[in-house]
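What follows is a short report on a single structure.
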Amino acid sequence: MSKRNAIYAQSGGPTAVINATACGVIEATRRARAHIGRLYAGRDGIIGVLSEDLIDTSRESAAAVRALRHTPGAAFGSCRYKLKGLEENRAQYERLIEVFRAHNIGYFFYNGGNDSADTAWKVSQLSKKLGYPLVCIGIPKTVDNDLAVTDNCPGFGSVAKYVATSMRETGYDVASMARTSTKVFVLEVMGRNAGWITAACGLATEQAGDAPHILLFPEIPFEPQRFLARVESTVKRHGYCAIGVSEGLRDKDNKLMLESGLRDAFGHAQLGGVAPVIAAMVRKHFGYRCHWAVADYLQRSARHIASGTDLEQAYAVGRAAVELALQGRNAVMPVIVRKSNHPYKWTVVAAQLKNIANREKKLPRGFITRDGFHITARCRDYLLPLIQGEAPPPYKNGLPAYVRLKNKPVPRKLASVYKIMKS
């Protein structure tokens, strides 16, 4: 039988280093030409696989592939599209197998977060049920750092470095103007249910009095009066107050402080800006001049300030995914295991997808101070190694120089066209 081909797809929100994982996958499959034929990519994630809209990565030069290591975004396009259960939509899975069979696919790599791990798990199971031989590997990626089993998630270290840097820099700015101008600054960061990114803001604090003075986590119910009292005492003591807040901040009834009412393709609530709400609350109560910012896509796309550790780990899990596939390790994910903090040492091992899919790792209570407003030394020890190292991209005319791939399509082999329905 001829060598079987592989498909790689990216899913969910991009990170500053997800393309480094793609680079790891592509370079590893090219080194494994004796065992793997061509590597295709799904255009816009699993949607590209369902619609037979595939990209031939062999058409990209070695230099272009290397340049993925310093390029943000999702080079092949991503999506938020969750597969239903096999019993709910059997035709969807049969279509996947139809595409796999038409292109002689023996390996499927799906690079994403919680819902993507669920998709990878379902695909691994459907191949067994439908009698199609397939090695399915999930690859970790999420800025939220909430995947179970793995010590940390590729993508998180870079967003952590970005928000900590932003908080430190704005802290200096606000402190210099506080006597006659802004006294309170609020930075909203990502984190629907887990406060890992909010915690990373706390790394900006070097000594007592440094920004941020208050962190608001989704794991700690928001109590307005306790919060306002802390703001007042902070301004009296330091002259200003810098606050980091998670987009997923909840009240004592576990209700999101701000929700748009819309849902994404995964069924998650689309969150609005909680930062202006917090700022308005402070302004109304004290009359302080307040400014706020929402980091939004800036935090996850900031490749210019990516963590060197994060970049290395993102590439490593891509390479490891291919190695696991060559070993025939179906339904697994390469995850990061921390061996020590001082010095920081880590390795990559295989974990079962069934132990990762649809599970969420929240910030441990022991990582949050007793009063609920900052991070502990234990949390700092966990976070600091993940933001170490600088890996700036090349620059041209004063701006980062990124690569755009050719993304040449693979000729379609199926007569039927699959219409993508809203999931």
Side-chain angles (χ1 to χ4, degrees), residues 159-191 195-252 256-258 271-299 302 305 363 367-376 379-380 383 387:
V159 77
K161 192 178 185 81
Y162 176 88
V163 298
T165 300
S166 297
M167 182 59 78
R168 175 166 289 182
E169 291 176 342
T170 53
Y172 273 80
D173 186 297
V174 177
S176 67
M177 295 291 292
R179 187 170 183 177
T180 59
S181 185
T182 302
K183 290 195 183 303
V184 175
F185 172 73
V186 184
L187 176 64
E188 178 182 328
V189 300
M190 289 179 172
W196 295 101
I197 302 178
T198 308
C201 292
L203 292 176
T205 303
E206 252 186 333
Q207 57 188 15
D210 286 353
H213 307 98
I214 299 174
L215 297 175
L216 302 176
F217 305 94
E219 290 87 354
I220 304 294
F222 180 67
E223 298 178 59
Q225 294 310 312
R226 284 189 67 242
F227 164 70
L228 290 170
R230 179 57 65 93
V231 171
E232 183 177 32
S233 64
T234 300
V235 171
K236 285 181 178 178
R237 185 179 303 116
H238 304 295
Y240 76 109
C241 181
I243 302 163
V245 57
S246 166
E247 63 180 356
L249 187 66
R250 296 171 183 268
D251 63 18
K252 61 182 177 58
L256 288 165
M257 291 290 292
L258 202 66
L271 305 182
V274 70
V277 172
I278 295 296
M281 182 185 298
V282 172
R283 187 183 304 111
K284 180 179 179 181
H285 197 82
F286 298 112
Y288 296 151
R289 185 169 181 177
C290 303
H291 274 252
W292 56 268
V294 180
D296 201 49
Y297 281 20
L298 299 177
Q299 64 201 294
I305 196 172
L363 191 69
F367 279 19
I368 304 171
T369 53
R370 188 169 297 179
D371 62 14
F373 287 134
H374 221 285
I375 60 171
T376 61
C379 182
R380 186 176 293 272
L383 293 172
I387 68 168

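Note that these values count all heavy atoms, side chains included, but never hydrogens, waters or copies made by symmetry. What you see is a predicted model; the values in this text were computed from it and never measured.
- Smallest separation of non-hydrogen atoms from L256 and G248: CD2-O, 3.6 Å.
- To the nearest 0.5 angstrom, T198 atom OG1 is 9.0 Å from L187 atom CG.
- At distances below 3.5 Å, not a single donor-acceptor pair connects side-chain atoms of S246 with backbone N or O atoms of G195.
- We find the CZ-NZ distance between R283 and K183 to be 14.5 Å, quoted to the nearest 0.5 Å.
- Looking at every heavy atom in both residues, E219 comes nearest to L363 through OE2-N, 3.0 Å.
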Would I368 and I220 count as a side-chain contact (heavy atoms from CB on, under 4.5 Å) here? Give the steps.
CA-CA 9 Å; I368 304 171; I220 304 294; 4.0 Å; yes
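- Residue-environment remark: CE (M281) exceeds the threshold of 12 foreign heavy atoms within 6.0 Å.
- Considering all non-hydrogen atoms of both residues, L215 and P212 come closest at CD2-CG, 3.7 Å.
- Although no hydrogens or angles enter the test, the distance criterion places no donor-acceptor pair under 3.5 Å between the side chain of R289 and the main chain of T180.
- E188 approaches A275 most closely through the heavy-atom pair OE1-N, 2.9 Å.
- Atom SG of residue C201 and atom CD1 of residue I214 lie 13.0 Å apart, to the nearest 0.5 angstrom.
- Atoms CG and CE, from L216 and M257 in turn, are 9.0 Å apart once rounded to the nearest 0.5 Å.
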Where do F286 and V184 land on the side-chain contact (heavy atoms from CB on, under 4.5 Å) test, with the steps shown first?
CA-CA 11 Å; F286 298 112; V184 175; over 6 Å; no
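- Residues passing the salt bridge (Lys or Arg N to Asp or Glu O under 4.0 Å) test with R230, sequence neighbours excluded: D371.
- Here H374 pairs with T205 under the side-chain hydrogen bond (donor to acceptor under 3.5 Å, both in side chains) rule; sequence neighbours left out.
- R226 is linked by a salt bridge (Lys or Arg N to Asp or Glu O under 4.0 Å) to E223, counting only residues two or more places apart in sequence or in another chain.
- In this structure, the side chain of Q299 engages the main chain of M190 through a donor-acceptor pair within 3.5 Å.
- The backbone N or O of G191 lies less than 3.5 Å from a partner atom in the side chain of E247, making a donor-acceptor pair.
- Taking CH2 of W196 as the reference point, atom CD1 of I375 lies at 11.0 Å (rounded to 0.5 Å).
- Annotation: side-chain hydrogen bond (donor to acceptor under 3.5 Å, both in side chains) contacts of R168 (sequence neighbours excluded): none.
- Considering every non-hydrogen atom in both L249 and F217, the closest pair reads CD1-O, 3.6 Å.
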Using the rule given for side-chain contact (heavy atoms from CB on, under 4.5 Å), can you reason through V159 versus V189, listing the C-alpha separation, both sets of side-chain angles and the distance that settles it, and then say yes or no?
CA-CA 10 Å; V159 77; V189 300; over 6 Å; no
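- In this view, I305 and K161, Y162, T165, A302 satisfy the side-chain contact (heavy atoms from CB on, under 4.5 Å) rule, not counting sequence neighbours.
- Taking every heavy atom of both residues into account, G202 and R380 meet most closely at O-NH2, 3.1 Å.
- Using a distance-only test at 3.5 Å, with no hydrogens or angles considered, no donor-acceptor pair links the side chain of S181 to the main chain of A178.
- In this structure V174 satisfies the side-chain contact (heavy atoms from CB on, under 4.5 Å) test together with T182, F185, Y240, sequence neighbours excluded.
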Determine, step by step, whether W292 and I278 satisfy the side-chain contact (heavy atoms from CB on, under 4.5 Å) criterion, reporting the C-alpha distance in whole Å, the side-chain angles of both residues, the deciding distance to 0.1 Å, and the verdict.
CA-CA 9 Å; W292 56 268; I278 295 296; over 6 Å; no
